[in-house]
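For the single chain, residues carry numbers from 1 onward in sequence order.
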Amino acid sequence: MKYFIIAGEASGDLHGSQLIQALKEQDSEAEFQFLGGDLMARAAGVQPIIHYRDMAYMGFVEVAKHLGAILGFMKTAREAMLAHRPDALVLIDYPSFNLKMAKFAHEQHIPAFYFISPKVWVWKEYRVKEIKKYIARLFSILPFEQEFYRRHDYEVEYVGNPTVKEIAQASERFSDFDTFAASNGLDPHKTVIAIVPGSRRKEIHDNLPTMVEAALRHPECQAVIAGAPSLDDALYHDTLAPLGVKLPILKGKTFELVHHARVAIVTSGTATLEAAVLRTPQVACYRMNGKKYLYRFYRRLLKGKYVTLPNLITDETIIPELLLHYCTADAIDEWLGKLLPEGAPRRAMLAGYDRMAQRLTTRDCSTNTARGIIQYLHDHEA
């Protein structure tokens, strides 16, 4: 079988690489083309048609500014699909781009599968209509999505969560803290505050200074940045230049860094789930320049009580969500003061992580998804 896979960011590249490996285990003759990153390239043995670092635009203004490039990427992807004629299109999140590709595949009679649903349960719920129309099967990685889609008369399968397996595999290679500190130029006698500002330039620009400002209020700790592999260190240094500080930046070691951290300050997204699976207490941040009017605007669009995955999975407030103008250095610092020492807030968050883990289960997400795709293709052979 021939598979065409699209992932538009770093987390999608990781999940996509796991799925490629699972498809190869189930289908020894599998061929791949994809939009993604280095991890998918390593798994597939071919280079991406477009690297995700060139596609990682977010926010209305940034997308509008780069609309010509985005349309060019879409044209390239469509031309590659027509030339390759894959048996299946597999989409990983990235909905604005991927749903248009799903429509194109539908018109070409190529079945499209969604691995990692768009977050339609948080906002843009109208996209469910497109999913029902253009997606042959959706494989859910979040247990609450089954009920959400059921309310829309669309059955999805919960296949497990890839983060659980990815972290379990990564943890087998973790070193002890002294070794980790020595190999990365850190102080083995100082507690680590991990700063995880995201993988997109705008996320880093909007969030990193506030995160660092809060962390620096704890000089007994060392703040360490989890760098995105696709971005230059200069971006982080330039963003922090107004604060007059230069912090260690570790790339390709986010899981181990967060594992060794006493607390993590995390840009809302998949990283909040990763920190929870790693059992590191965290503060979730999302500024987008921190404008109050933007908060009011987005809150009208958002569905439900929560936006972070640990809270959504458990339907309770496990981690603090500091969004837009609520995301200040003072607010982050207040939570650091609660979570750094032993005490009730730290114990409560860890107990919440236990409840979250029970709901996620340990199902092998990638293997289940690969089997589901292949079974569908066999059942619908011409």
Going by the angle between their ring planes, with limits at 30° and 60°, are F113 and Y376 parallel, tilted or perpendicular? perpendicular
So H15 and F115, would you call those rings parallel, tilted or perpendicular, with 30° and 60° as cut-offs? perpendicular
Between [Y] and [X], do the side chains contain a donor N or O and an acceptor N or O under 3.5 Å apart?
X    : Y    : value
T267 : Y286 : no
Q108 : R78  : no
E145 : S140 : yes
Q146 : E155 : no

[X] side chain near [Y] side chain, heavy-atom distance below 4.5 Å:
X    : Y    : value
F97  : L35  : yes
V90  : F34  : no
R42  : L39  : yes
R85  : L82  : yes
W335 : I265 : no
H259 : R279 : no
L273 : N161 : yes
Y154 : I135 : yes

Closest approach of [X] and [Y], non-hydrogen atoms and distance?
X    : Y    : answer
P143 : L360 : CD-CD2, 4.1 Å
A214 : D333 : CB-N, 4.0 Å
P219 : K190 : O-NZ, 3.1 Å
G8   : Y52  : C-CB, 3.6 Å
L339 : R262 : O-NE, 4.4 Å
G227 : I249 : CA-CG2, 3.9 Å

Does K103 come within less than 4.0 Å of E130, counting only side-chain N to carboxylate O?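 No, K103 and E130 are not salt-bridged.
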Pairing of D232 and R53 as salt bridge, 4.0 angstrom limit: no
[Y] backbone acceptor or donor facing [X] side chain under 3.5 Å:
X    : Y    : value
K2   : H84  : yes
Q47  : A41  : no
K100 : S96  : yes
E256 : S175 : yes
Q26  : A22  : no
K165 : R363 : no
Q375 : G372 : no
N184 : F180 : yes
N98  : D93  : yes

Separation between [atom1] of [X] and [atom2] of [Y], rounded to the nearest 0.5 Å:
X    : Y    : atom1 : atom2 : value
I92  : L19  : CD1   : CG    : 6.0 Å
K129 : H152 : NZ    : NE2   : 10.0 Å
E9   : L14  : CD    : CG    : 11.5 Å
Y134 : L99  : OH    : CG    : 9.5 Å
Y353 : T280 : OH    : OG1   : 7.0 Å
M356 : N311 : CE    : CG    : 10.5 Å

Hphob cluster co-occupancy, V263 + L257, side-chain heavy atoms under 4.5 angstrom: no
Criterion salt bridge (charged side-chain N to carboxylate O under 4.0 Å, His left out) against D315, the qualifying member of R355, K305, R359: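 Result for salt bridge (charged side-chain N to carboxylate O under 4.0 Å, His left out) with D315: K305.
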Would E274 and T163 count as a side-chain hydrogen bond (donor to acceptor under 3.5 Å, both in side chains) here? Give the steps. CA-CA 6 Å; E274 293 168 351; T163 299; 4.8 Å; no
Derivation and outcome, side-chain hydrogen bond (donor to acceptor under 3.5 Å, both in side chains), residues H260 and D176: CA-CA 8 Å; H260 285 302; D176 60 78; over 6 Å; no
Run through V224, I225, L208 and flag the one making a side-chain contact (heavy atoms from CB on, under 4.5 Å) with L247.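 The option that passes is I225.
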